[in-house]
Each structure stands twice: as C-alpha cells, then as structure tokens.
2 protein chains.
Amino acid sequence: MHIDAAQIASHSLIWTNTKSDAVAKPPKENSPITEHLAYLLAQANREINRQLELRLSKEGVPVEQWRILKVLSDGNGHSMGELADAVLLNHPTLTKMIDRMVSDTLVYRVQDPKDRRKVLMFISDRGKALCRRLNSLAVSQEEHIVESYGDKSTNELKRLLESLIGSAN
Amino acid sequence: MHIDAAQIASHSLIWTNTKSDAVAKPPKENSPITEHLAYLLAQANREINRQLELRLSKEGVPVEQWRILKVLSDGNGHSMGELADAVLLNHPTLTKMIDRMVSDTLVYRVQDPKDRRKVLMFISDRGKALCRRLNSLAVSQEEHIVESYGDKSTNELKRLLESLIGSAN
DNA sequence: CGCCAATCCTTGAATATTCAATATTCTCAA
DNA sequence: TTGAGAATATTGAATATTCAAGGATTGGCG
C-alpha cells in the first residue's frame, strides 16, 4: 500500500518481477524478501506453529512441552543436553521449562549414575497420559494440513526439509 | 525403574536419517517427532536462521531488522501493522524494535496524513546503506546453501513453501 | 596420583517478548 | 451531527529468553 508517491524519488533502478519465469532464481540483492529461503521458512514455520499452538492450547500446553513429552515418551532417560538439541531449545530455557514440568509432575529428574554431571529426564504416568492427548491433537493438525495442501506436496516437502537439515550440518 | 545409561549414549536421537525410505508417511500418534511437518519446519528454520544470524552479526544487526530494512527499502511508507505482518513480528515487539532503529537513525516515523491513526515508516539513507551491506551478506548465505543443497532442491523447496503458505490462509 | 581443562547443568542479571489496557482517530449509522 | 464501536499504535506489567558466570564432575596427561 503506497501512501505518498513523493517519497519514492531517489531510487534509480526499478525491477519488474517477471512472473513468466518457470523457476525461482537465487535472490539478487534487490529481490523482495519473500524470495529468500530463510524468510519462506520463517513464514511457514510461524504459520504452522501458530496452528499447532492453537490446537495444543486446548490442553494448556506450549508446543515445546509437547516436544519434550514426545521425546521422553520412549521411556528412556535423556540428558538435558540431548533433550535441548532434540526439542530445539537452548539449555537455560530448557532447564526452566523442565522446572515447571517437574512441579506439574509431568516429568522427573534422576541423576545419571554413570556420569554424575548429567541429569536424566523421565516422563511420568501423568506425562504419558497428557502426551497421548497431545499427540492426538497434533496428528489431527497434520491431517488438516494434508487435506488442504495435499498428500504429495506434504511428503515431498518433508523429504526436502530433512534433506536440507542433513546438508546443513 | 533403573537407568541404563549405555542405551542412551549409543543411539542418535535427533537425526535418524533414513535415506532409503521412499516416502514419508503421515505421522501416527506414536511416530517420532521428527516425522511431523511442524517439527521439521521448526528445525530447518532454526538452523537456517542461525546461519543467517551469524552472517548478519558482522554488522551487529538482528535478522528482524534486516527484514524491516528490506521491506522499507522500496522507498514507500509502510504502516506499523503492515510492517508487522511482513516481517513476522507482533505489534508491540515491532514498536519496540522500531524505537531502537529510530534512535539509530536507520528509519523514521511519519504520521499518515490520510489516516492519522497510522504511522508510516520510512527508511533513511543510513538505513539504505546498511541494508545494501546486509543484502550482500544474506545473498552470500543463500548461495552457500545452494552450494551444498543444490539448485534444484532449493528452488523446489521454495516453491513448496510458498504453496504451503498459500494453502494455509 | 594430582592437576587442569573440558563437559554438563543450573543460576542470576540483563534483555526481549507478550498480554492486557490505553489513547487516538476513523467509520458509519441513527 | 453525533455517538458507539472498530481500527491503529503504543505503553507498562508480567512473563520468557538469553548471556555470562558459576559449581560440580569427569577425563586425560604429566
């Protein structure tokens, strides 16, 4: 939405976006931000995450807690560092979130007997029960995405994302 | 329950990269979290964003400020609401970030004469100069991604992300 | 052994974000 | 015309995250 045409003055180069191009080119320095992979990822993530957040709010649980419960629901003990990587949280943030979950008796800490620097996290029965309800909500969200976005696109997108993550390390 | 730390140390939790699988299936309720689209998006976004952040830190500027400068660099006035949507920030967060950028004289506010509830944001010359340097850093990052990830994958991923965003609204 | 560096987690202070409430301006219908 | 309600941006308090530092434990090496 352009309000004041007088402000446009000093820009010398004008770029017309040739829609006819079949394939998106790598962005030039003056390309709109919407052509940057980093932006598209952030935008898609924001939207999908918001939808998921909305569903999970039925149980009053943030997305990160669902991730934690899901990782722990294999029944094994997971150290804080391992868990932080898995659930995409920095260590101090995870520590404080775990504090909350411990006082909600969703998870509990055990000192690792093999390496006493470590703390192993376990899921409680209450945590398991909550995790089941959350899984159901999350799956229904993904089904909803597949409905409007298509099965093929969804699978292809997942495949490409996995591959991107793999190539980025 | 007793803890066998040897189990934990030995298996890789996060990236079980099953390249051989032909097609990812929609996640069941007990699927690992790595099969959820929402998680893959968050993971990819986190990684790419961190890389970009690292590059932009050369200029001491957070990613969001680059987005703001880039959107404003069309030379037109953009209202706060419009801008907030474009740069993926909530309104109060944007207001406070703009406050900082104004005191750095990167952008400036003008009350919209057509609708005095609105504030139009403009980029300053200093902001333009910074934006050019940032664009160069951002483009070089994307080139780096294309190098290791491939031209075809990158373009296909972008296409799918655009389509996902479109279908989610 | 004994020491020093590295690893792991947590803490506290600084910083940033979000939620709810506010102020201002606009819209529109009575 | 005017008043109620919607739209826009900002503010302040509550909350959350991050950064830097610390305490505890381990591993390795002289």
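In what follows, chains are A, B, ... by sequence order, proteins preceding strands, each numbered from 1.
- Taking atom CG on A/D115 and atom C1' on D/dG27, their separation rounds to 10 Å, with Å as the unit.
- B/D115 contributes a side-chain N or O that, together with a main-chain N or O of B/R117, makes up a donor-acceptor pair within less than 3.5 Å.
- Atom CG in A/L83 sits roughly 11 Å away from atom P in C/dT10 (whole-Å rounding).
- Between A/L89 and B/S79, the residue whose closest nucleotide on DNA chain D is further toward the 5' end is B/S79.
- For the pair A/M121 CE and C/dC9 C1', the computed distance is 12 Å after rounding to whole Å.
- A/E82 places its CD atom 15 Å from the C1' atom of C/dT7, with the value rounded to the nearest Å.
- Nucleotide C/dT18 holds its P atom 12 Å from the CG atom of B/L88, rounded to whole Å.
- Residues B/E53 and B/R46 are not paired through a salt bridge, judged by the lack of any N-O separation under 4.0 Å between the basic side chain and the carboxylate.
- Side-chain N or O atoms of A/R67 include one that pairs as donor or acceptor with a backbone N or O of A/V87 at under 3.5 Å.
- The side chain of B/R116 lies closest to C/dC26, out of D/dT10, C/dC26, C/dC8.
- Taking side-chain N and O atoms only, B/R109 has a distance below 4.0 Å to OP1 or OP2 of D/dT10.
- With rounding to whole Å, B/K118 atom NZ is found 16 Å from D/dT10 atom C1'.
- A/K70 contributes no side-chain N or O that, together with a main-chain N or O of A/L134, makes up a donor-acceptor pair within less than 3.5 Å.
- For A/R117 against C/dT7, a side-chain-to-base donor-acceptor contact under 3.5 Å is present.
- Taking the side-chain contact (heavy atoms from CB on, under 4.5 Å) definition, one finds that B/A44 meets it with A/L41, A/L161, A/L164, A/I165, sequence neighbours left out.
- We find that B/E156 and B/R159 are joined by a salt bridge, their nearest charged nitrogen and carboxylate oxygen being less than 4.0 Å apart.
- Rounded to an integer number of Å, the gap from CZ of A/R46 to P of C/dT17 is 12 Å.
- Residues of residues 61-70 of chain B having a heavy atom closer than 4.0 Å to DNA chain D: none are found.
- Side-chain N or O atoms of B/E142 include one that pairs as donor or acceptor with a backbone N or O of A/L37 at under 3.5 Å.
- Using a 4.5 Å heavy-atom threshold, the side chains of B/V139 and B/E143 count as touching.
- Within residues 90-104 of chain B, the residues having any heavy atom under 4.0 Å from DNA chain C are, by residue number, B/N90, B/P92, B/T93, B/K96, B/R100.
- In this structure, the CD atom of B/Q111 is 11 Å from the P atom of D/dT10, given to the nearest Å.
- The CD1 atom of B/I123 sits 6.0 Å away from atom CG of B/L72, with the distance rounded to the nearest 0.5 Å.
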